[in-house]
Every structure is written in C-alpha cells, then in structure tokens.
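Structure first, then comments.
Letters A, B, ... mirror the listed sequences (proteins, then strands); counts begin at 1. The basis for the numbers below is simple: all heavy atoms, side chains too, and nothing from hydrogens, waters or symmetry mates.
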Number of protein chains: 2
Amino acid sequence: MTADTDEPRDGQRRRDARATREAILNSAIEAFTRLGYDGAGVREVAGGAGVTAMLVNRYFGSKEQLFAEAVDRSFTPRTVVSDDPSALSERTAARLAARTSPEADDLDPFVLMLRSVASPRAAEIIRAGIEKHVGRHLTDLLPGPDAAPRAELLLSLIAGVWLMRKVIATPALTDMDQGALTRQLHDLMEVLVNAPPSTSGGGSDGS
Amino acid sequence: MTADTDEPRDGQRRRDARATREAILNSAIEAFTRLGYDGAGVREVAGGAGVTAMLVNRYFGSKEQLFAEAVDRSFTPRTVVSDDPSALSERTAARLAARTSPEADDLDPFVLMLRSVASPRAAEIIRAGIEKHVGRHLTDLLPGPDAAPRAELLLSLIAGVWLMRKVIATPALTDMDQGALTRQLHDLMEVLVNAPPSTSGGGSDGS
DNA sequence: CGGTCACGTCTACGAGTGTAGACTACTGCG
DNA sequence: CGCAGTAGTCTACACTCGTAGACGTGACCG
C-alpha cells in the first residue's frame, strides 16, 4: 500500500480531508461488498469510517456517486484474472478456486457486484466498471476472433462460481476439493481461451 | 395454465380466496423477479394482484414466507435444465441461449435469484430452493462420480450467463449470435457432463 | 493573540418499509 | 329476512432511508 493512508498516532484522525475521504471509500467498499448497494446505508458506511453520515454526501455528492467510486476502486487491483496470456486459464482457475474457498475473506469485487445488481442504477454502474476494467483487458488477452463475447463468457463463469460458492454457499460446491475444482475450472476456461471459431460442425441447430 | 385461475367475467374477482392467493403469488413472482427481494415492497405485490397490502400478510404470514413460496413456485417448472440425460448439455445450452436473448421476457427463477441474493434471509431461502428443485435433480442426471459439485458448477455457469446477459446486460454477450453462443455453451457443458474424474495428470495439486 | 476558512456534526424532513389491530362489506345459510 | 363468518380494507405505528441546511470547532497564518 502507498503511504498516504497514514493513520494518526494519537489514535484519532485529525481533520485530514484526504485521509477521511479514503477512510469513507474503504468503508464503503467493505459495506457494499457485505450488504450490497441497497443494504448498505450511508450511516453504516460513515460509522465504519468513524464519521457522521452527512460527511459522506459532502465528499461524494450522493450515495450513487459513492458507489461508483467504490466500484471503480474495488475493480482496480485485478484479483482473479491473470495478466499472463500464456497461463491465463491455469492461473485464473487457481486464483478463483483459492479466493472462493470457505476460509478466504469474501471482500471481492465480484461479491460486491452480485450483491448490488438488484438496483438498476447500481447495475448500470457495475456494467460500466466491468467493461472499463476487466472486460476490455480480458478481451485483449484472448486470442482469436470474437474475443469480446468469449471474455464476457469467462466473466460469467467466474461470477457464477463466486455466486454459488460464496454468496449462496451451496454445500457441495463450497466443500469441493480445491484441487479438483481448480482442474475443472481450468478445463472450462481452456474451452473459452482456445477459441473454437466454429469448430465441429454442430450444424444441427434448431430454431 | 390450469383452469383454477379463472378470471371473473364481471371484471372483478369476487371474494375468491383461492384465486386471490394465486394472484398474489403470481404478482409476487413477477415483482421479486423484476425488483428483487429488498426492492419489491409488499404494497407493490398487493397492487399487482389488485388487493391491499395487508391481505398479503394475512395469506402468507410475512414477506419472508411469501418469498419462500414464490421461490418454490418459480423453480417448479424446469425452464432451462433439460430432463433428457442423453442430450442434457445440448438442449440446456440451446434453452439457455434462447431464454437469455434480448427479445425474451426475463421472468425467470435465475433472475429472481440474482436480484435477491443480497438479503441473507433471501439467500438462505434460495439456497434451499436450488437444492430442492434443480440441484438434486441435476445431480441424478449427471453420470460419473462427484456429480453434486459438477451439477452446482453447471448451475454456476447458467447463473453467470443469466447475470451477464440479462441483469447486467454486457453488450458483447447480449448481442452475441445465438448460434455461436449455443455452441460455446454446449462445449462448456460437455466438459462438465463428461466428468473427467482426474483426467490429464495435472497431479501438481498444492495443499 | 485573533481572524478565517475548511472540516465535521446536529437536527430534521419527507418518503417509504413491514406489520398489527380494528373495521367494513359481501356471501351463503337457516 | 336476519344472522354469521369470512374476504378485504383502513388507519396507524415504529422504524430506516437519503439528503438538506444550519451550526460548531479546530488548525493554520498573519
């Protein structure tokens, strides 16, 4: 971490606008991830930062703008998708399996997303954030044609696993052996990465 | 539809407890799917059924119990997962692609789920519903060992596609050609259906 | 030491939430 | 016709929400 979030030595932050704004934003990420956009109140966010509710609106204008900044910040460190094109599916599968394990703390942009999509305004903000941060980046990483829809399909898989394993907590998937899960996810992602443009003449399409 | 939801000929339902209960439940499914558990108010549900809010609680006890019945009802007709074991991945992929297309009406149990998981109580109810209706059923359909986690992985994929395509509406995936999407989903589901117990000696498992 | 301005808080409002209890009105039966 | 029971409504309560405006207060600068 950078050194700008220095905590005061006297135990109380003293009229430091920069640090207060940061504290509010961090508290917002935590609250939105845990409770979702609708569930997290401004007072809750403020309390987590040690300030009153009105300061939140003074710094961020409104809850909606606060959420937009929280989404932006939450997605900036790429926690799951690997940056290495050659080992993309392998490393991404391993990271996903590890970060969705029951022991892991569930502070994650995907959880924030899943718990906030109920609100249409939040969904719109999330869509923009997804495109800006992961979608575009992932599209560049995938080889072959039609990389964009395949990238979003990969994101669908990641989000789905996060949903079932950490938000809904289906038992069989939650208790699944991590090695086996990693292998399964790896196989699935390989299908998406190694683009079959239209391999295997599956011509028998109905409709 | 069955004939028990007969609408009155004089345009107004007249003191028919059975039909009123049904109307409330249908309105609840519609409202919860569109707005989620937190977003849909009791008054909204009641208004959709043409009654007042208090009647909802009189018939269902509380909003939470109403939600539980709505989830149960919403999941009973299997809309996506095919019942045919031999063509499971093929038909499920086709149905999923069709039902998540932009033209399709988004009244679906998966959307109801995705828009309601923010509430912990609702998430618990959904988990039970998933297990009861689709999970168990799908586990029986899948061949090979460890069918339960693979079934839930399949559900993760389905839920993720619903999320990205209909709830968040990422453009590349929403506008994706239906035939191509069906093919991609089919390939993915094949990986899950044709269980590789531990094929391809990726024995390097940590932990 | 005193002024000044930004940082932070307090009170409050209007709207919306789920739910409880009392009340009305309609239907069917004797 | 009158009684009874049930389908449905009305009013209300206690609470939380996001946000607006007025107010206090501490630190820096001269």
A:Gly61 vs A:Glu44, nearer the 5' end of DNA chain D by closest nucleotide: A:Glu44
Sugar-phosphate only, base, or nothing, as touched by A:Ala46 at under 4.0 Å among non-hydrogen atoms: nothing
Audit row: A:Leu25, A:Glu69, side chain to side chain contact (heavy atoms under 4.5 Å, CB included) steps and yes/no: CA-CA 8 Å; A:Leu25 191 52; A:Glu69 283 210 40; 4.0 Å; yes
Proximity to the side chain of B:Ala53 - top-ranked nucleotide from C:dT19, C:dA22, C:dG8: C:dT19
Residue whose closest nucleotide on DNA chain D lies nearer the 5' end, B:Ala17 versus B:Met54: B:Ala17
Rounded interatomic separation in angstrom, taking CD1 from A:Ile24 and P from C:dC7: 12 Å
Listed nucleotide nearest any side-chain atom of B:Val51, set C:dG8, D:dT9, D:dG18: D:dT9
Shortest side-chain distance from A:Lys63, nucleotide among D:dG18, C:dT19, C:dT9: D:dG18
Distance-only donor-acceptor test (3.5 Å): side chain B:Arg43, base C:dG18: yes
Touch class at under 4.0 angstrom, heavy-atom based, for B:Tyr59 against every strand present: sugar-phosphate
Whole-Å distance separating the CZ atom of A:Arg58 from the P atom of C:dC10: 14 Å
For atom CG of A:Asp38 and atom P of D:dG18, their distance in whole Å: 9 Å
Separation of atom CG in A:Leu55 from atom C1' in D:dG24, rounded to whole Å: 14 Å
Atom-to-atom span, CZ of A:Arg121 to P of D:dG18 - whole angstrom: 15 Å
A:Thr52 vs C:dC10: side-chain N/O to OP1/OP2 distance below 4.0 Å: no
Polar side-chain atom of B:Ser101 near backbone of B:Ala98 as donor-acceptor pair, under 3.5 Å: yes
Interatomic distance, A:Gln65 CD vs D:dT19 C1' [rounded to whole Å]: 13 Å
Residue B:Asn57, side-chain atoms from C-beta onward, closest of D:dA22, C:dT19, D:dT19: C:dT19
Side-chain N,O (B:Ser62) to OP1/OP2 (C:dG18) below 4.0 Å: no
Between C:dG18 (C1') and B:Phe32 (CZ): distance, integer Å: 12 Å
Parallel, tilted or perpendicular, as decided by the 30° and 60° cut-offs, for the rings of A:Phe110 and A:Trp162: parallel
Aromatic ring pairing A:Phe67/A:Phe32, orientation class (parallel under 30°, perpendicular over 60°, tilted between): perpendicular
Side-chain donor/acceptor of A:Arg34 to backbone N/O of A:Ala40, under 3.5 Å: no
Value in whole Å for how far the C1' atom of D:dC17 lies from CD of A:Glu64: 15 Å
